[in-house]
Amino acid sequence: MYLNIVLHNQSDVPIFKQIVKALKEAIYQNELQEGEMLPSVRALANDLKISFLTVKRAYDELEEEGFIRTLPGKGSFVAPKNMEFMREEKLKEIQSYFEKIDELSKVAGISKAELKELFDIIFEEEK
């Protein structure tokens with residue numbers, strides 16, 4: 001199995017968090033299907049040329065959050081999707097973007113009415 005995980009050594013984001021994010025995105029985008037086996041900790045660590053412990057930490061976090069399940073002696077597998085949890089995570093991410101937009105608009109003196117107009121234009125084009 002090949003996973004397209006790109007790590008950025010110069011990033012402030014820890015490597016295990018980059019792996020977590022990449023695997024979550026692959027699950028969200030159905031690149032990894034429910035029940036699909038993930039590479040072993042050792043195999044992924046070798047592919048990425050990083051420590052086994054880093055991959056193990058990423059897998060542990062993914063399991064804790066319900067994205068994967070690990071069966072001793074069998075491996076790690078993509079867990080059934082909890083759509084409500086996934087939706088809540090995306091809403092939290094969107095909220096973070098809105099907070100950044102709010103900060104930027106205040107610095108630039110952009111009114112809420114201008115933001116709403118921009119928002120309406122962006123979503124009007126999707127129709």
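Since we're looking at a predicted model, the values are computed, not measured. Below, each value reflects all heavy atoms present in this structure, side chains not excepted, and no hydrogens, waters or symmetry copies.
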Legend entry - Nearest non-hydrogen partners of Gly66 and Ala79, listed with the distance: O-CB, 3.4 Å
Inset, instruction - Look only at the side chain of Glu93 and the backbone of Lys90, and say whether a donor-acceptor pair between them is shorter than 3.5 Å. - result: no
Legend entry - Exam field: side chain Glu63 to backbone Thr70, donor-acceptor pair closer than 3.5 Å: yes
Legend entry - Residues Lys92, Glu89: salt bridge by 4.0 Å N-O rule: no
Legend entry - Cation-aromatic face contact Arg69/Phe77, 6.0 Å, 45 degrees: no
Legend entry - Side chain Thr54, main chain Ile50, donor-acceptor under 3.5 Å: no
Legend entry - Heavy-atom check, side chain of Leu104 versus side chain of Ile110, under 4.5 Å: no
Inset, instruction - Could you tell me whether the side chain of Glu65 and the main chain of Leu62 form a donor-acceptor pair under 3.5 Å? - result: no
Inset, instruction - May I ask whether Val13 and Phe16 are part of the same hydrophobic cluster, defined by side-chain heavy atoms of I, L, V, M, F, W, Y residues being less than 4.5 angstrom apart, directly or through others? - result: no
Legend entry - Atom pair NZ/NZ of Lys17 and Lys21 - distance to nearest 0.5 Å: 12.0 Å
Legend entry - Ser96 OG to Leu91 CG distance, which is reported to the nearest 0.5 Å: 12.5 Å
Inset, instruction - Look at atom CD of Glu117 and say whether more than 12 heavy atoms of other residues, nucleotides or ligands are closer to it than 6.0 Å. - result: no
Legend entry - Donor + acceptor pair across side chains of Ser111, Glu114 (<3.5 Å): yes
Legend entry - Spacing of CD belonging to Glu36 relative to CD1 belonging to Ile27, to within rounding of 0.5 Å: 9.5 Å
Inset, instruction - Looking only at non-hydrogen atoms, find the nearest pair between Ser11 and Gln18 and report the distance. - result: CB-NE2, 3.8 Å
Inset, instruction - State plainly whether one hydrophobic cluster holds both Val6 and Ile15, where clusters connect Ile, Leu, Val, Met, Phe, Trp and Tyr through side-chain heavy atoms under 4.5 angstrom apart. - result: no
Inset, instruction - Answer yes or no: are there more than 12 heavy-atom neighbours, outside Glu64 itself, under 6.0 Å from its atom CD? - result: no
Inset, instruction - Examine Ile94 and Leu115 and state if one hydrophobic cluster contains both, with Ile, Leu, Val, Met, Phe, Trp and Tyr joined whenever side-chain heavy atoms are less than 4.5 Å apart. - result: yes
Legend entry - Plane angle bin for Phe119 and Phe98 - parallel if under 30°, tilted between 30 and 60°, otherwise perpendicular: tilted
Legend entry - Co-membership, hydrophobic cluster, residues Ile5 and Phe52, 4.5 Å side-chain: yes
Inset, instruction - Please indicate whether Lys56 has more than 12 foreign heavy atoms, meaning atoms of other residues, nucleotides or ligands, lying under 6.0 Å from its NZ. - result: no
Inset, instruction - Report yes if some heavy atom in the side chain of Leu38 is under 4.5 Å from a heavy atom in the side chain of Leu32; otherwise report no. - result: yes
Inset, instruction - Flag the pair Asp47 / Leu3 as yes when at least one side-chain heavy-atom distance between them is below 4.5 Å, and no otherwise. - result: no
Legend entry - Side-chain heavy-atom pair Pro39, Tyr59 within 4.5 angstrom cut-off: yes
Inset, instruction - Go through the steps to decide whether Leu7 and Lys49 satisfy the test side chain to side chain contact (heavy atoms under 4.5 Å, CB included), and finish with yes or no. - result: CA-CA 10 Å; Leu7 300 177; Lys49 297 174 180 33; over 6 Å; no
Legend entry - Any donor-acceptor N/O pair, Glu61 side chain to Val20 backbone, under 3.5 Å: no
Legend entry - In one Ile/Leu/Val/Met/Phe/Trp/Tyr side-chain cluster, 4.5 Å: Ile101, Phe123: yes
